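A quick write-up on the structure given underneath.
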Amino acid sequence: MAIERYNPRAAEPRWQARWADERTFETKNEDPRPKYYVLEMFPYPSGRIHMGHVRNYTLGDVVARYMRAKGYNVLYPKGWDAFGLPAENAAIQNGINPRTWTYDNIAAMREQLKSMGLSLDWSREFATCDPEYYAHQQKLFLDMLAKGLAYRRKSKVNWDPVDQTVLANEQVIDGKGWRSGAVVEQRELTQWFFKISEYSDELLAALDTLDRWPEKVRLMQRNWIGKSEGMRVRFPFTGDAPAPAETVEVFTTRHDTLFGASFIAISPDHPIASALAARDPLVAAFIDQCHKSGVSAAAIETAEKMGYDTCLSVQHPFVAELRLPVYIANFVLMDYGTGAIFGCPAHDQRDYDFAKKYDLPIRPVVAPVDTFDTDADLVVWLEQLASGKEAYVDDGTLINSDFLDGKSVPEAKEDVAQRLENTMLLGAPQGQRQVNYRLRDWGISRQRYWGCPIPVIHCPDHGVVPVPDKDLPVRLPDDVTLDKPGNPLNWHPTWKHVACPICAKPSLRETDTMDTFVDSSWYFARFTAPHAPTPTDRKAVDAWLPVDQYIGGIEHAILHLLYSRFFTRAMKATGHVGLDEPFRGLFTQGMVVHETYKNADGTWASPAEIKIEGEGANRRAWNVANGAPIEIGGIEKMSKSKRNTVDPNDIMQSYGADTARWFMLSDSPPERDVIWTEEGVAGAFRFVQRVWRLVAEWAEDKAPAPAGANGASPEAVALRRAAHRSLAAAEDAIRTLRFNVAVARIYELVNAIGSAIANPAKDAMLRSAIAEALDLLVLMMAPMMPHLAEECWQTLGHELVAMRPWPAVDASLLTEDTFTYPIQINGKKRAELTIAIDAPQADVEQATLALDAVRRALDGQTPKKIVVVPKRIVNVVV
RNA sequence: GCGGGCGUGGCGGAAUUGGUAGACGCGCGGGAUUUAGGUUCCCGUGACGAAAGUCGUGGGGGUUCAAGUCCCUCCGCCCGCACCA
């Protein structure tokens, strides 16, 4: 009798409905089982899911379903990162309200996600643009304001002239806005900040505790925080020329090289530079010139070191007769350290280049003394350093440095630090040890409409007044004009006009909204009690956090993950959570990539438009419609601009969700890029059908077992062994997120079951082993292909596999009575030897020597050595 | 420049962590069945060789009974950061 093909289009919605009806995946906070929190980085509701989502959520769903089967109370929620510029842009283009646009997109994407069969708890869903969510975010902001973790100051900011908004440092890439790509300008504005810098050291130190994070991400964050230990040192002006200050203060990490100093350089933005510019047009012109050169990576790469000699000089702290000239230099940054440095050309490449250009002395003070045999060698080395092209930046021993001579670099640092701390200059120590961080405070003000309003009011008498709790949330108005440049909230006729909460005087609402990264910095906490009347329910959040397995793209290695780590600390400081680190395990998945295709005119062609024939170097592509030749290009990230995307909806329509999921899991390790290919998907679909056929044919085959079949037949035992070995291996692979390996183990089991069923002489023992193996197969593939698993499970006569515990491995089946040793002669495999697993070493040796192949190889000689590694290998050394 | 990762058949990738290299899949070749439309089943598939065998995990060297795995060195590719004092 012919078995009908498995039809995912009918089966998948049926099982999805069943799970929804039975509330299979709704999670309760009160539950005696141990908790497990799985989370994928939530999506921006663009309107359609893409293959990156499919991969991300498939990975998470496998973990969620597996952990559920292992007896955990699993929290696996989904929400929407719903504020942000695209909604405003779409609104301008299509004349719809950003709110309408966003919620329509959410509805469409929710349906697509549901068709993937994810085991999400939809009862906890929210969007960050829900007033019920951002009300609590405003409360968190006010608590941070009260604690001094949020503050306002005038600062130079990155201004995106296209998006007409301020960007955080993290959102400026190569001097361009991360969304618009426009060259970012510098502007002075009063902005709101979060005091992330207060946690610099903690955020850095705690990275060491995140042992279930990729090393790469920890390293990127470490570099971003950028800790450096050094000193601030003040140099007094000599009075040769009138100076605008008494001293200039520099930051250095190489105070050991102080005797090698030959100049001071200050930033063009340094107050001393500004003061000089005010009285000297030449200085002003130079500073202007510095500002004009670009800030892009390319511009910096090629920019020449430029300096302006101010004719001022300062006194060296240890050498009375040494006066150092003061330059304004284009490579000194005002926002790092003190905006001023001392130049030590011999031991810093930049200073070296600068010294060569302006003919300043190069004084070597550190040398690899131990590597020289004679003093003459040292002299040669010193000459080469002075006349060459490169500074010496490595370790060594101090020379030419008075009291430091002969000391190591760390010893010299310590000595200099102590002396400068104990030297008084104008009523204060001349030097102070200082730890410096690259990390700046997080500027969160955005001059946009579609974001969370910052809940403060500016009163002419009382200044910044927090919006009282009872007035939260500060809601966004619906009636806004979006087609004028600037902030729509500012244009609104009435919204910003309010009475001061203290004195009722006419006041102005803050019209800045928060950076959308604030929204995503605490959503994982809100999922634990999404309807709580406070931002968090302390009992729920403390029970659920940290997220046990967080999954997302590497592109959030710094921004989102660092902000969330800060925000969790801020929430702890304001009493909203009880822990520091939100994500215990982090997994960064690879991208989905696809071949690209180009038309003869250089425009991109989509995979749907073309046909490919041939293989290897002979692959040729044509346009299906007109037969025009197509050039096959490189494999790149799926993107609309290259037109190499494949719509998940189309795939799920023709093959079903399980096929898409299986392909995503099977082809590449999850952390690497996966190449989407039509052949691969077809292969995954074949496998779906193959499993179905196996199960359906077996269920139909009701042939009675042959009578009198007692005991365990060898075939039955072999199949049972194969099944349990596959189970053990697949589970191990799933636990370590090596899903491609788990897939391979499942294939092996299917092959073994197929062979057993094909056996014409099935006895009762084998029949029962087949039944067991099929059950195990369905249970172990259920996290990956949940719909097919349900269909098979039902066909095998059971109820709802999603609720079933993970099967236990019968450990007794993993061990065998015999072991087949590979027999090597001089490290090359020459034979095999099957022998009792517990055979003593002497027996193994004897049996080995008796083998024909070994005899032949030995040719009468006595082996020099026989290495027997029990249950591994035998190596005969001749 | 600094930091990190990677390099295994035609392709994606396995390899119990020093112990039979190439599991599993894709592709390809051959055969059978069905021929109607991403069919199913069997056999083969690292290279060279008729075979025995020899070679083989980017190149070279080393440690070891044994190296894809450890050490040294060179080459190539990818990613992150970058005038940070």
Side-chain angles (χ1 to χ4, degrees), chain A residues 5 174 214-220 222-224 226-228 230 250-255 257 265 267 295 297 299-301 303-305 329-333 335-344 347-351 353-354 393 436-438 554-555 557-558 615-617 654-655 659 662-663 666-669 671-675 677-687 689-690 693 729 732-733 738 740-751 754 758 820-832 863-869 871-878:
Chain A
R5 302 191 92 199
D174 282 352
E215 184 54 35
K216 185 185 171 73
V217 174
R218 293 196 284 167
L219 207 88
M220 282 167 73
R222 217 168 269 141
N223 292 339
W224 189 263
K227 179 178 184 171
S228 53
V250 305
F251 175 73
T252 178
T253 56
R254 288 303 300 273
H255 33 293
T257 63
S267 164
V295 286
I300 287 166
E301 192 75 42
E304 205 169 325
K305 308 279 171 277
N330 64 341
F331 63 86
V332 181
L333 307 174
D335 63 356
Y336 185 79
T338 61
I341 61 160
F342 83 79
C344 178
H347 305 294
D348 181 286
Q349 190 57 43
R350 225 178 15 205
D351 298 349
D353 297 342
F354 193 78
V393 295
N436 231 328
Y437 297 93
R438 215 182 72 113
I554 187 79
E555 65 272 18
I558 294 174
E615 60 168 312
S654 46
Y655 292 108
T659 295
W662 185 252
F663 175 69
S666 61
D667 226 44
S668 290
E671 70 278 10
R672 279 196 226 172
D673 291 351
V674 64
I675 306 171
T677 62
E678 189 58 33
E679 295 83 1
V681 180
F685 186 69
R686 271 202 300 275
F687 180 72
Q689 296 298 347
R690 185 167 173 214
R693 221 179 306 116
D732 185 60
R738 288 150 57 239
N740 56 320
V741 178
V743 163
R745 297 291 98 88
I746 290 174
Y747 267 109
E748 282 172 351
L749 178 56
V750 168
N751 290 342
T820 302
Y821 281 94
I823 307 297
Q824 294 183 334
I825 292 165
N826 289 336
K828 304 264 178 209
K829 190 193 164 197
R830 283 289 180 272
E832 284 188 344
K864 291 203 187 87
K865 192 172 173 185
I866 301 176
V867 181
V868 178
V869 184
K871 283 184 262 181
R872 275 281 152 75
I873 204 160
V874 176
N875 192 5
V876 181
V877 186
V878 186

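Only a predicted model underlies this, so the values are computations on that prediction, with no experimental measurement involved.
The same atom, C1', is picked in G46(B) and in G56(B); the two are 8 Å apart, to the nearest Å.
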Show each protein N/O and nucleotides 20-24 of chain B N/O combination with a separation under 3.5 Å, one pair to a line.
| from | atom 1 | to | atom 2 | distance (Å) |
| --- | --- | --- | --- | --- |
| U20(B) | O2 | Lys829(A) | NZ | 2.8 |
| A23(B) | O2' | Glu748(A) | OE2 | 2.4 |
| A23(B) | N3 | Arg745(A) | NH2 | 3.2 |

Enumerate all atom pairs, one protein N or O and one N or O from nucleotides 54-58 of chain B, separated by less than 3.5 Å.
| from | atom 1 | to | atom 2 | distance (Å) |
| --- | --- | --- | --- | --- |
| U54(B) | OP1 | Arg830(A) | NH2 | 3.4 |
| U54(B) | OP2 | Arg830(A) | NH2 | 3.3 |

At a cut-off of 3.5 Å, list every protein nitrogen or oxygen paired with a nitrogen or oxygen from nucleotides 36-44 of chain B, distance to 0.1 Å.
| from | atom 1 | to | atom 2 | distance (Å) |
| --- | --- | --- | --- | --- |
| G38(B) | N2 | Tyr655(A) | OH | 3.0 |
| G38(B) | N3 | Tyr655(A) | OH | 3.0 |
| U40(B) | O3' | Arg693(A) | NH1 | 3.3 |

Please list, for nucleotides 67-71 of chain B, all pairs of protein and nucleotide N/O atoms separated by less than 3.5 Å.
none

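No side-chain heavy atom of Arg350(A) sits under 4.5 Å from any side-chain heavy atom of Asp353(A). Counting heavy atoms from C-beta outward, Trp662(A) and Ile746(A) have side chains that approach closer than 4.5 Å. Inter-residue side-chain proximity for Tyr747(A) and Val743(A) is flagged as met; some heavy-atom pair is nearer than 4.5 Å.
Nucleic acid contact for Ser666(A): none, since no nucleic acid atom lies under 4.0 Å from a heavy atom of the residue. Counting any heavy atom pair closer than 4.0 Å across all strands shown, Val332(A) reaches a base atom. Nucleic acid contact class of Leu219(A) (heavy atoms, under 4.0 Å, all strands): sugar-phosphate only. Residue Arg738(A) is in sugar-phosphate contact alone, with no base atom involved, counting any heavy-atom pair closer than 4.0 Å across all strands shown. At a threshold of 4.0 angstrom between heavy atoms, the contacts of Val877(A) are confined to the sugar-phosphate backbone, with no base atom among them.
Nearer to the 5' terminus of RNA chain B, by closest-nucleotide assignment, is the contact made by Ile675(A) (compared with the other of Ile341(A) and Ile675(A)). Each of Asn826(A) and Glu215(A) lies near RNA chain B, and the nucleotide nearest Glu215(A) is the one positioned closer to the 5' end.
Partners of Glu555(A) under the side-chain hydrogen bond (donor to acceptor under 3.5 Å, both in side chains) rule, at least two apart in sequence or in another chain, do not exist in this structure. For Gln689(A), the side-chain hydrogen bond (donor to acceptor under 3.5 Å, both in side chains) criterion is met by no residue, not counting sequence neighbours. Taking the side chain to side chain contact (heavy atoms under 4.5 Å, CB included) definition, one finds that Ala831(A) meets it with Ile823(A), Leu851(A), Ala853(A), sequence neighbours left out. Considering only residues two or more places apart in sequence or on other chains, Arg690(A) meets the side chain to side chain contact (heavy atoms under 4.5 Å, CB included) condition with Arg693(A), Val750(A), Asn751(A). With sequence neighbours excluded, the residues that form a side-chain hydrogen bond (donor to acceptor under 3.5 Å, both in side chains) with Asp732(A) are Arg735(A). Glu671(A) pairs by the side-chain hydrogen bond (donor to acceptor under 3.5 Å, both in side chains) definition with nothing, not counting sequence neighbours. Residues that satisfy the ring-ring contact (aromatic ring centres under 6.0 Å, His included) test with Phe251(A), not counting sequence neighbours, are absent from this structure.
Nearest to the side chain of Asn875(A), among A85(B), C65(B), C83(B), sits C65(B). Listed candidates were C81(B), C83(B), A85(B). Nearest to the side chain of Tyr336(A) is A85(B).
If you take CD on Glu679(A) and CZ on Arg686(A), they are separated by 9.5 Å, rounding to the nearest 0.5 Å. The structure places OG of Ser654(A) at 8.5 Å from CZ of Phe685(A), a figure rounded to the nearest 0.5 Å. Here Thr820(A) contributes atom OG1 and Lys871(A) contributes atom NZ; the two are 14.0 Å apart, rounded to the nearest 0.5 Å.
OP1 or OP2 of C65(B) lies within a sub-4.0 Å distance of a side-chain N or O belonging to Lys865(A). The side chain of Arg438(A) places an N or O atom within less than 4.0 Å of a non-bridging phosphate oxygen (OP1 or OP2) of A82(B).
Anti is the conformation of U39(B), whose glycosidic angle sits further than 90° from 0. Its glycosidic angle being within 90° of 0, G9(B) falls on the syn side.
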* Asked: According to the Watson-Crick and G-U wobble definition with distances under 3.5 Å, which dot-bracket string, read 5' to 3', encodes RNA chain B, using [ ] for crossing pairs and | for pairs with another strand?
  -> (((((((..(((......[....)))((((((.......))))))(((....)))..(((((..]....))))))))))))....
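A donor-acceptor pair under 3.5 Å is absent between the side-chain atoms of Tyr821(A) and the main chain of Arg872(A), judged by distance alone.
In summary, the aromatic rings of Tyr655(A) and Phe663(A) are positioned with their centroids too far apart to meet the 6.0 Å limit.
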